[in-house]
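Working notes, structure below.
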Amino acid sequence: MSFYVLIRDDAPGQADLPAFLRLVEAHGFRPRRRPAIGPWHLILVDNPDHSVIAEAATPQADLVAVGPLLSGETGGAAALRRLAAHIVPGAPDWRDTSGHFSLLHIAGDRVLVRTDGLGAHKVYHDPGRRVFTNSFLAALALTDDRRLDPFGVYTYAWAGAFHGNRMLTHGVTSLPARTDLIVNGAEVTVTDPVAWPAIERHRPASLDAAARQALAPLRRVIAGIARSADGRVRLSFSGGYDSRLLLGLLLEQGIRPSLFVYGPDGDIDVEIAKRVAAAEDLPLDRIDKARTAPPPPERFAAQLDRDMVLFDGWKTPGLFDSGADAQDRRSRHVDAMVPLNGGLGEIYRNFFNLRDRPHRAEDVVDAFYAQFDPAHAGAHFDARRYRQQMAEQMRAQLPGRGARLDGLDAQLLYPLFRGRFWTAREAEINQRFGPMYFPFLEHSAIEAAQSLPLSQKNFGRLQAAMIAEVCPRIADLPSSYGFAFSQPPSLRYRVDAMRSMARPVALRGYLAQLRRPAGGPMPTELTRPYLSAVMDATWPVMGDYFAVDRVEDEDTFNRIATMEYLAQRFGLS
């Protein structure tokens with residue numbers, strides 16, 4: 001993600017700004033300042049190889065889009081000019097927009113900052129509201145409050161992302177989704193969040209009718225992406241529903257994308273991808289990150305320093321890897337290709353495996369976010385309090401809905417909670433390498449899917465019907481579930497789903513802990529020689545939060561190591 005920093009003259013972070021800009025410039029980014037805006041300075045930091053910053057000037061204002069912004073089927077500066085006349089401070093309107101972006105509208109000494117309709121892009125800020133940015137690393141480097149937030153620490157370790165507006169430290173938080181930030185001289189205003197539309201239950205006459213309803217906004221989104229990318233699309237592919245649906249939508253638009261799949265030869269996703277690519281005569285790249293060995297320990301510090309910048313301070317599995325991840329993400333944009341990803345496609349399925357009845361936010365926490373082992377935490381961890389805080393952050397995404405959520409509202413927490421904070425982080429990070437789209441993250445797609453009956457989403461029935469509607473021939477091909485999407489789901493698949501739905505939500509976290517396999521050896525980059533090469537490996541900071549020597553899960557350990565590295569690097573305490 002190319003990014004912006006909006007900083008006031010008297011911000012404490014001004015003293016740290018030159019060093020931060022030198023850091024990002026050393027790793028390939030290009031900072032450029034714009035003229036002062038009253039007491040504020042705006043710095044745009046771009047990826048010169050594959051920019052995702054667009055600018056346009058009108059007689060009334062200057063406009064900047066950071067991240068791919070589409071207006072209808074138009075992108076870049078043309079999209080900004082098309083939107084200019086309809087941007088009203090304090091009255092967000094996303095009806096004609098798609099993409100994942102921050103939009104800056106500069107008129108005189110006033111700056112309006114608005115993000116996409118879901119809130120996939122974040123606006124991070126310091127406690128004094130003198131620094132605003134869509135870069136977590138910039139906010140961390142420029143804040144003067146470096147106290148760790150225990151809830152943020154545990155949320156990242158257990159859930160893979162910072163959920164809600166609380167982050168790693170008290171000195172960095174994020175604005176609520178669907179708000180406007182208005183900076184006018186010394187005055188800073190954050191508007192009230194625009195509520196997500198209430199769900200009106202709708203039962204189409206048939207499953208095919210439901211599929212057509214869900215497809216309508218997706219078809220518009222894909223048409224805009226196809227036009228803005230000039231047909232040069234790469235698609236992350238697997239054997240599941242989501243990437244198959246995107247492939248069908250692209251083929252329907254006359255776009256023949258190149259595909260890429262992850263895994264070794266013989267992996268089920270790889271084998272299915274080969275079958276589909278061969279049937280459609282599409283190019284396919286297989287990527288096996290496990291085959292990349294990390295550099296020796298004496299060179300690992302330089303790689304981790306680079307990855308900290310490239311991945312904006314953190315990513316969902318943690319910063320420690322062999323170097324394959326950065327190489328892979330760069331490769332997606334070779335020859336000006338634009339990648340697509342099927343993240344959040346479960347809006348068309350029953351992701352949390354909940355029954356269609358009222359639930360509390362705490363039920364959703366127990367169903368999905370309670371799979372951690374409290375024995376891996378330090379002595380001061382309060383699992384009950386952690387669940388309560390997680391539920392509070394969930395309720396904040398649906399203000400005014402009450403303590404008990406309708407069954408469809410509980411399902412809506414999947415895009416508005418996991419989507420906004422876990423999947424959206426992947427979108428933010430990927431945009432540091434170039435323009436990339438996640439069509440299922442679009443607010444229009446979510447709104448169309450939310451009112452459809454859960455009974456049609458169960459067992460993947462709705463999404464299978466959508467695939468068959470856009471491209472029957474690829475629906476006839478096998479999937480990694482053991483059946484073609486043009487056929488009814490197998491008995492085994494349905495039984496597994498029903499068993500999951502039948503489990504009491506309060507027990508699901510404990511059952512997940514019991515079923516968790518014993519951990520194997522950590523990958524090379526997480527062994528002591530590598531940890532010691534980049535930090536004090538006695539865990540002087542994270543040792544207060546975790547019984548680190550007990551943690552067997554590779555991703556959890558990686559995230560704890562990431563936080564220790566950041567704590568030592570930035571003096572967090």
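It should be emphasised that the depicted structure is a prediction, and the values quoted were computed from it without experimental measurement.
Within the structure, ring pair (Phe, Tyr, Trp, His ring centres under 6.0 Å) contacts touching residues 213-255 (residues at least two apart or in different chains) are Y241-Y481, Y241-F485. For residues 17-27, the side chain to side chain donor-acceptor pair (under 3.5 Å) pairs, not counting sequence neighbours, are H27-D305. The list of ring pair (Phe, Tyr, Trp, His ring centres under 6.0 Å) pairs with a residue in residues 265-293, not counting sequence neighbours, is empty. Judged as a salt bridge (Lys or Arg N to Asp or Glu O under 4.0 Å), the pairs with a partner in residues 245-259 (not counting sequence neighbours) are, in order, R219-E252. Legend: salt bridge (Lys or Arg N to Asp or Glu O under 4.0 Å) pairs involving residues 229-238, not counting sequence neighbours, sorted by first then second residue: R234-D285.
Here D242 pairs with R349 under the salt bridge (charged side-chain N to carboxylate O under 4.0 Å, His left out) rule; sequence neighbours left out. The ring pair (Phe, Tyr, Trp, His ring centres under 6.0 Å) search around F368 returns F351, F352, not counting sequence neighbours. Residues that satisfy the salt bridge (charged side-chain N to carboxylate O under 4.0 Å, His left out) test with K315, not counting sequence neighbours, are D321, D325. R275 is linked by a salt bridge (charged side-chain N to carboxylate O under 4.0 Å, His left out) to nothing, counting only residues two or more places apart in sequence or in another chain. The ring pair (Phe, Tyr, Trp, His ring centres under 6.0 Å) test applied to H125 returns F132, not counting sequence neighbours. With sequence neighbours excluded, no residue satisfies salt bridge (charged side-chain N to carboxylate O under 4.0 Å, His left out) with E554. F557 is linked by a ring pair (Phe, Tyr, Trp, His ring centres under 6.0 Å) to W539, counting only residues two or more places apart in sequence or in another chain.
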